[in-house]
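What follows is a short report on a single structure.
Just so we're on the same page: letters track the sequence lines, and every chain starts at 1.
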Protein chains: 2
Amino acid sequence: MDVKTVCLGMLTDGPASGYDLKKEFESSFGHFFSAGYGSIYPALSTLSDKGYVDCEEIPQEGKPDRKVYRITDEGRQFLLRALEKRETCHKVRSEFLATMCFAHLMAPDDVEAVIDHRLTEIEKYKQLFREIEQDWQPEWPPGAKFVLGFGKTMAGAMETYITENRHLLADEAAVKTAVG
Amino acid sequence: MDVKTVCLGMLTDGPASGYDLKKEFESSFGHFFSAGYGSIYPALSTLSDKGYVDCEEIPQEGKPDRKVYRITDEGRQFLLRALEKRETCHKVRSEFLATMCFAHLMAPDDVEAVIDHRLTEIEKYKQLFREIEQDWQPEWPPGAKFVLGFGKTMAGAMETYITENRHLLADEAAVKTAVG
DNA sequence: AGCGCCATGTAAGTGGTTACATGATTGT
DNA sequence: ACAATCATGTAACCACTTACATGGCGCT
């Protein structure tokens with residue numbers, strides 16, 4: 001599944017502009033699927049070329065025309081076919097864990113700094129989840145609740161694990177200090 | 001951090017061929033950093049061009065020469081500088097969660113199938129972790145233990161969350177069935 | 001007879017990121 | 001005054017994936 005398909009899915013919730021979709025990628029989808037303008041705008045024009053979305057241009061003063069996209073019947077059909085795929089992936093790419101693999105080569109303070117940075121990033125996600133919960137709309141689909149809960153659970157588990165196990169890496173630092 | 005840097009890091013553990021590194025990407029690094037031959041072999045030749053690794057060619061009969069790479073002093077210095085970066089990322093890209101966001105558009109059986117497939121994938125990871133623990137070498141660095149524990153914790157948390165909350169999506173199915 | 005392992009690599013393609021280009025309006 | 005928000009898009013670049021190309025050895 002690529003950015004195009006996710007955009008199409010977002011549009012089942014109602015018409016939206018590229019700018020609107022970007023905000024959704026930053027908030028609710030942010031923790032598991034990111035996309036920038038450089039992916040979103042080309043995605044929307046491709047979807048338009050294929051007839052999967054219609055575009056309504058709303059003139060504005062001082063700003064570029066606001067282009068509001070609406071999913072078409074063909075778009076809906078395409079989306080439903082795409083959602084039939086059972087073998088979905090769930091990939092993690094972590095510089096953090098890769099770095100921690102080589103903690104024994106690093107200065108102890110650097111290891112601590114990397115861990116602290118990761119914990120603040122996790123805190124940001126937790127804050128984001130709180131914000132989403134605060135303006136929760138009852139009409140949001142069950143998947144939204146499932147995915148939000150998933151994010152909260154993972155963030156919590158990560159935070160706990162890192163806090164309780166950072167000593168595994170810090171001990172190495174203690175050894176170095178004792179030896180050196 | 002890219003594949004080149006991770007390869008370099010792996011080579012601090014001792015000389016290895018591209019084939020050896022691939023196996024490491026599949027086992028211990030598999031759950032947070034993947035790479036195929038198409039990334040590894042070019043990475044090694046780039047590292048060689050930059051003088052970060054030395055290459056020893058060992059002739060073999062019937063197979064291509066085995067090329068064993070060894071990290072150089074410059075390579076070690078480069079790696080240490082790369083590891084000083086505090087702002088490491090930890091990105092998730094999940095077709096699974098994206099699909100679940102649109103569960104209300106799907107046939108109930110398809111939702112179930114996607115979830116079941118995800119649970120079997122998680123089970124594979126758990127099996128992989130068990131295998132790593134079985135041939136655990138005491139000389140492996142503390143980071144390896146930290147990262148393995150991280151993977152086990154996340155896999156467990158995911159499995160539990162999905163099992164306990166899949167009803168959020170199945171309920172929708174029940175509604176449809178009741179209505180339809 | 002066929003599969004999996006060992007062992008290397010390239011070439012084309014995919015898909016996404018980053019930087020650039022533009023500029024009014026609204027809030028602090 | 002200055003930052004953030006609204007609003008679009010392109011072009012160059014980057015990194016990785018997939019498919020291809022080659023082929024012996026050992027096991028069942």
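Note: OH (B:Tyr41) to P (C:dA7) measures 9 Å, nearest angstrom. Distance, B:Glu26 CD to C:dG4 P: 14 Å, rounded to whole Å. Atom pair A:Lys23:NZ and D:dC6:C1' shows a separation of 8 Å (rounding to whole Å applied). Atom-to-atom, CD1 of B:Ile58 to P of C:dA7 comes out at 10 Å; the value is rounded to the nearest Å. The separation between A:Arg66 atom CZ and C:dT22 atom P is 24 Å, rounded to whole Å. In this structure, A:Glu56 atom CD and D:dT8 atom P are separated by 13 Å, rounded to whole Å. Separating the NZ atom of A:Lys22 from the P atom of D:dG9 is a distance of 15 Å, rounded to the nearest angstrom. Rounded to whole Å, atom P of D:dT10 lies 12 Å from atom CG of A:Leu44.
The other residues sharing a hydrophobic cluster with B:Val68 are B:Ile58, where clustering joins ILVMFWY side chains under 4.5 Å apart. Under a 4.5 Å side-chain heavy-atom cut-off, the cluster of Ile, Leu, Val, Met, Phe, Trp and Tyr residues that includes A:Tyr125 is completed by A:Leu128, A:Phe129, A:Ile132, A:Trp136, A:Trp140, A:Leu148.
Between its opening and closing five pairs, the helix from C:dA1-D:dT28 to C:dT28-D:dA1 changes axis direction by 50°, a value rounded to 10 degrees.
Between B:Gln127 and B:Glu131, the side chains place a donor N or O and an acceptor N or O closer than 3.5 Å (distance only, hydrogens not considered).
Applying the ring-ring contact (aromatic ring centres under 6.0 Å, His included) test to B:Phe32 and every residue at least two apart in sequence or in another chain returns B:Phe29. Listed by chain and residue number, B:His117, B:Arg118, B:Lys124 satisfy the side chain to side chain contact (heavy atoms under 4.5 Å, CB included) test with B:Glu121 (two or more places apart in sequence, or in another chain). Looking at residues two or more places apart in sequence or on another chain, you find a ring-ring contact (aromatic ring centres under 6.0 Å, His included) between A:Tyr52 and A:Phe78.
When every heavy atom of B:Gly51 is checked against every heavy atom of B:Glu74, the shortest pair comes out as O-OE1, 3.4 Å.
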Distance-only donor-acceptor pairs under 3.5 Å for side chains of residues 7-18 of chain B, two or more places apart:
{"from": "B:Thr12", "atom 1": "OG1", "to": "B:Gly9", "atom 2": "O", "distance (Å)": "2.5"}
{"from": "B:Ser17", "atom 1": "OG", "to": "B:Tyr19", "atom 2": "N", "distance (Å)": "3.4"}
{"from": "B:Ser17", "atom 1": "OG", "to": "B:Asp20", "atom 2": "N", "distance (Å)": "3.1"}
{"from": "B:Ser17", "atom 1": "OG", "to": "B:Asp20", "atom 2": "OD2", "distance (Å)": "3.0"}
{"from": "B:Ser17", "atom 1": "OG", "to": "B:Arg66", "atom 2": "NH1", "distance (Å)": "3.4"}

Check residues 150-161 of chain B and write down every donor-acceptor pair under 3.5 Å in which the side-chain atom is one partner and the other belongs to a residue at least two apart or another chain.
{"from": "B:Lys152", "atom 1": "NZ", "to": "B:Glu133", "atom 2": "OE2", "distance (Å)": "2.6"}
{"from": "B:Thr153", "atom 1": "OG1", "to": "B:Gly149", "atom 2": "O", "distance (Å)": "2.8"}
{"from": "B:Glu159", "atom 1": "OE1", "to": "B:Lys126", "atom 2": "NZ", "distance (Å)": "2.6"}
{"from": "B:Thr160", "atom 1": "OG1", "to": "B:Gly156", "atom 2": "O", "distance (Å)": "2.9"}
{"from": "B:Tyr161", "atom 1": "OH", "to": "A:Phe146", "atom 2": "O", "distance (Å)": "2.6"}
{"from": "B:Tyr161", "atom 1": "OH", "to": "A:Phe150", "atom 2": "N", "distance (Å)": "3.2"}

In a table with atom names and distances, give each donor-acceptor pair under 3.5 Å that connects a side chain of residues 34-46 of chain A to protein atoms at least two apart or in another chain.
{"from": "A:Ser45", "atom 1": "OG", "to": "A:Pro42", "atom 2": "O", "distance (Å)": "3.1"}
{"from": "A:Thr46", "atom 1": "OG1", "to": "A:Pro42", "atom 2": "O", "distance (Å)": "2.9"}

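Contacts of A:Ser45 with the nucleic acid, taken as non-hydrogen atoms under 4.0 Å apart, are absent.
Among residue pairs with one or both ends in residues 94-115 of chain A, those qualifying as salt bridge (Lys or Arg N to Asp or Glu O under 4.0 Å) are A:Glu95-B:Lys85, A:Asp110-B:Arg86, A:Glu112-A:Arg166; sequence neighbours excluded.
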Listed pairs, N/O of protein and of nucleotides 22-24 of chain D, under 3.5 Å:
{"from": "D:dG24", "atom 1": "O4'", "to": "B:Gly62", "atom 2": "O", "distance (Å)": "3.3"}

task = Assign a letter to each nucleotide of nucleotides 15-20 of chain C from its 5' end: B, base within under 4.0 Å of a protein heavy atom; S, sugar-phosphate only; -, no contact.
result = -SBB--

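Nearest to the side chain of B:Pro42, among C:dT10, C:dT8, D:dT8, sits C:dT10.
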